[in-house]
Trainee: 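Handing you a structure now.
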Protein chains: 2
Amino acid sequence: MSAHTSRRQRLRQATLGEIHSAARELLVEQGSAAVTINAVARRVGMSGPALYHYYASHDELVGAVTADFFRELVAAMEQARDARADAPIGERLPAVCRAMRAWAVAHPAEFGWIFASPVTAPNRRPDSARHQAALRFEQVLLDLTVELWGTRPFPVPDLAELPASLREQLATYSAAIDGRLPPEAAHVFLSCWIRLYGLLCMEVLHQLDFAYTDLEPVFEECLRDLVTALGLDDTAARQ
Amino acid sequence: MSAHTSRRQRLRQATLGEIHSAARELLVEQGSAAVTINAVARRVGMSGPALYHYYASHDELVGAVTADFFRELVAAMEQARDARADAPIGERLPAVCRAMRAWAVAHPAEFGWIFASPVTAPNRRPDSARHQAALRFEQVLLDLTVELWGTRPFPVPDLAELPASLREQLATYSAAIDGRLPPEAAHVFLSCWIRLYGLLCMEVLHQLDFAYTDLEPVFEECLRDLVTALGLDDTAARQ
DNA sequence: TAACTTACTTAGAGGTCTTAAGGAAACATA
DNA sequence: TATGTTTCCTTAAGACCTCTAAGTAAGTTA
């Protein structure tokens with residue numbers, strides 16, 4: 001067990017990279033059905049079963065590649081955030097949201113795969129790379145919301161006015177994020193998340209083609225709503 | 001070309017029904033990947049290629065079954081609407097929305113298939129059964145909104161304040177629905193549609209499992225928002 | 001009754017995922 | 001240096017898939 005990465009390990013990593021690239025190319029060029037074990041192996045230059053030395057099943061390969069996409073999306077969002085580390089949060093938050101949509105629009109096949117592909121049982125296990133990456137995705141906007149809540153609390157509904165069932169679920173979620181947001185603030189965060197992510201899902205899944213050809217202004221309007229809900233509309237949220 | 005349905009045609013219809021049932025059972029019991037031509041044929045009691053006398057390809061079968069699901073969903077919504085034909089629209093509209101969610105929650109596999117399955121090129125053709133059924137789906141809530149707009153116009157934004165790109169798209173859509181809603185009213189309708197349908201998509205695709213176990217109260221809150229946006233909050237919109 | 005249409009069959013090509021068995025090369029160690 | 005072990009890759013094969021081709025049995029129509 002040497003501390004430095006051995007030659008073997010480096011070669012293996014390189015091959016894994018090639019495999020992921022090949023799978024992604026196939027996805028983008030020919031759709032998700034074209035990402036088969038055999039097709040990927042062919043493109044990498046080895047024959048079918050050899051791929052089983054890298055992934056135990058087709059499912060596992062798909063999960064690994066999906067996790068890659070998640071990571072890339074998260075990186076794009078974090079980059080947008082860190083590029084304005086000193087800007088007020090009213091500017092950083094919309095920037096991160098726009099980075100999210102920009103990545104989704106630039107990589108529709110990849111973004112579509114992230115949530116439209118049926119997540120098989122093994123990839124739903126909390127310790128799967130797929131699930132971990134998904135958590136980090138949600139984390140980015142949660143972090144910003146927590147920061148905002150700590151420095152400039154936004155308006156929240158009265159917990160007593162929410163249905164009991166919702167209150168309980170919010171309490172559970174609040175605990176799951178280590179109480180970084182109280183239930184009523186978590187409710188506002190989740191509402192925003194649902195609107196933002198939901199709109200993006202529908203756009204990429206072509207569920208809005210019947211009415212829109214370009215959803216950028218719709219997204220911007222959604223963003224304005226959220227910024228208002230979070231009490232950020234005084235600071236510049238314009239593009 | 002006899003006017004009465006011939007014996008042959010009746011038999012064919014019955015077989016088509018059996019095929020659809022078998023496909024649906026497979027989808028519900030074993031997931032979308034299990035809906036193969038061979039598996040469906042086996043379940044119906046004929047051997048593989050025989051199914052090609054009913055559908056030209058696997059894709060076409062999937063499209064036909066999906067259209068069935070759409071029709072069933074639409075029927076559930078229309079039934080909710082017609083069951084209260086005399087009720088004020090402030091009651092009918094939420095009832096239809098709830099019927100939509102009720103069907104989706106009762107038939108998650110089917111609802112998931114409706115939009116999460118990659119819509120292949122042939123099924124995107126405007127004359128495909130798939131596309132026609134999707135239009136009728138949107139139509140139900142559009143009809144109600146048009147009725148509301150005709151009897152009790154809801155508040156709309158000033159067109160001049162919307163970005164030019166959005167204005168153009170709304171004008172096009174308004175024309176596509178024969179001007180039954182002016183662009184600014186269409187904008188409100190589409191915003192409501194996006195929030196409602198988007199929430200449902202995310203629920204069924206398990207994108208909200210990380211926070212919620214039961215989305216019923218979240219849906220109800222969304223519904224209250226929409227009812228308010230449509231100026232219906234005075235009439236009873238409670239469950 | 002004869003011709004035609006429809007429904008189905010089996011055979012088969014070429015693809016998929018996956019397991020099994022074996023060879024070759026690189027690494028580790030005595 | 002010589003030997004053993006690990007790693008990577010191969011081909012073969014089974015079971016499944018979509019879909020085409022050819023042939024048969026049955027019902028419909030003239």
Side-chain angles (χ1 to χ4, degrees), chain A residues 1-20 22-23 25-27 29-66 113 117-123, chain B residues 1-20 22-23 25-27 29-66 117-118 120-123:
Chain A
M1 220 192 274
S2 58
H4 74 288
T5 61
S6 74
R7 171 179 156 74
R8 269 259 169 81
Q9 284 174 322
R10 267 179 293 130
L11 281 178
R12 193 181 175 83
Q13 281 305 317
T15 308
L16 280 171
E18 271 188 78
I19 291 172
H20 285 210
E25 285 168 23
L26 284 167
L27 170 67
E29 292 168 13
Q30 305 173 44
S32 63
V35 185
T36 70
I37 292 258
N38 284 333
V40 171
R42 257 197 308 275
R43 194 167 275 229
V44 170
M46 48 185 168
S47 231
L51 235 147
Y52 285 83
H53 280 264
Y54 298 91
Y55 293 105
S57 69
H58 180 251
D59 247 36
E60 208 173 275
L61 168 63
V62 168
V65 173
T66 308
W113 228 22
S117 67
V119 182
T120 53
N123 279 319
Chain B
M1 218 191 275
S2 58
H4 74 289
T5 61
S6 74
R7 170 178 157 74
R8 269 262 169 81
Q9 284 175 323
R10 268 180 293 129
L11 282 179
R12 192 179 176 83
Q13 281 306 316
T15 308
L16 281 172
E18 272 189 77
I19 290 172
H20 285 211
E25 285 168 23
L26 285 167
L27 170 67
E29 291 168 13
Q30 305 173 44
S32 63
V35 186
T36 70
I37 293 259
N38 284 332
V40 171
R42 257 196 308 276
R43 194 167 276 229
V44 170
M46 49 184 166
S47 232
L51 234 146
Y52 286 84
H53 280 262
Y54 297 90
Y55 294 105
S57 68
H58 180 250
D59 246 37
E60 208 173 275
L61 168 62
V62 168
V65 174
T66 307
S117 67
T120 53
N123 278 319

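Here is the naming used below: chain letters follow the sequence lines, and residue numbers restart at 1 for every chain. Hydrogens, waters and symmetry mates are skipped; everything else that's a heavy atom, side chains included, is used.
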Trainee: In whole Å, I'd like the distance from the CZ atom of A:Arg10 to the C1' atom of D:dC8.
Mentor: 17 Å
Trainee: Considering non-hydrogen atoms only, spot the tightest contact between A:His20 and A:Tyr55 and give its length.
Mentor: NE2-OH, 2.5 Å
Trainee: Nearest whole Å is fine: how far is C:dT9 P from B:Leu51 CG?
Mentor: 10 Å
Trainee: Does A:His58 get its side chain close enough to the base of C:dC17, under 3.5 Å, for a donor-acceptor pair?
Mentor: no
Trainee: Base, sugar-phosphate alone, or nothing: which one does B:Tyr55 contact when heavy atoms must sit under 4.0 Å apart?
Mentor: nothing
Trainee: Is any side-chain N or O of A:Arg12 closer than 4.0 Å to OP1 or OP2 of D:dT7?
Mentor: no
Trainee: Classify the side chain of B:His53 and the base of C:dC8 as holding, or not holding, a donor-acceptor pair under 3.5 Å.
Mentor: yes
Trainee: Ignoring backbone atoms, test whether A:Asn38 places a side-chain nitrogen or oxygen under 4.0 Å from the OP1 or OP2 oxygen of C:dC17.
Mentor: yes
Trainee: Which atoms form the tightest heavy-atom contact between A:Tyr54 and A:Arg12, and what is the distance?
Mentor: CA-NH2, 3.7 Å
Trainee: Hey, could you give me the CZ/OG1 distance between B:Arg10 and B:Thr15, rounded to the nearest 0.5 Å?
Mentor: 12.0 Å
Trainee: Looking only at side-chain N and O atoms, does A:Tyr54 come under 4.0 Å of OP1 or OP2 in D:dC9?
Mentor: yes
Trainee: A:Leu11 CG to C:dC27 C1': how many Å, rounded?
Mentor: 12 Å
Trainee: Which heavy atom of A:Ala39 sits nearest a heavy atom of A:Ala34, and at what distance?
Mentor: CB-O, 3.6 Å
Trainee: Which whole-number value in Å describes the distance from A:Gln13 CD to D:dC8 P?
Mentor: 11 Å
Trainee: Hey, is the side chain of B:Arg42 poking within less than 4.0 Å of OP1 or OP2 on D:dC16, counting only N and O atoms?
Mentor: no
Trainee: Restricting to non-hydrogen atoms, name the atom on A:Ala41 and the atom on A:Ser47 that form the minimum distance, rounded to 0.1 Å.
Mentor: CB-C, 4.2 Å
Trainee: To the nearest Å, how far apart are A:Ile37 CD1 and C:dT18 P?
Mentor: 6 Å
Trainee: What is the distance, rounded to the nearest whole Å, between atom CD of B:Gln9 and atom P of D:dG27?
Mentor: 18 Å
Trainee: Using a 4.0 Å heavy-atom cut-off across all strands, classify B:Thr15 as base, sugar-phosphate, or nothing.
Mentor: nothing
Trainee: Give the rounded distance in Å between these two atoms: CD1 of B:Ile19 and P of C:dA7.
Mentor: 10 Å
Trainee: D:dC17, OP1 or OP2 - any side-chain N/O from B:Thr36 closer than 4.0 Å?
Mentor: yes
Trainee: Provide, to the nearest angstrom, the distance between the OH atom belonging to B:Tyr52 and the P atom belonging to C:dT9.
Mentor: 14 Å
Trainee: Name the closest nucleotide to the B:Ala50 side chain, picking from C:dC17, D:dT20, C:dC8.
Mentor: C:dC8
Trainee: Choose from C:dC8, D:dC19, D:dT11 the nucleotide whose nearest atom is closest to any side-chain atom of B:Ser57.
Mentor: D:dC19
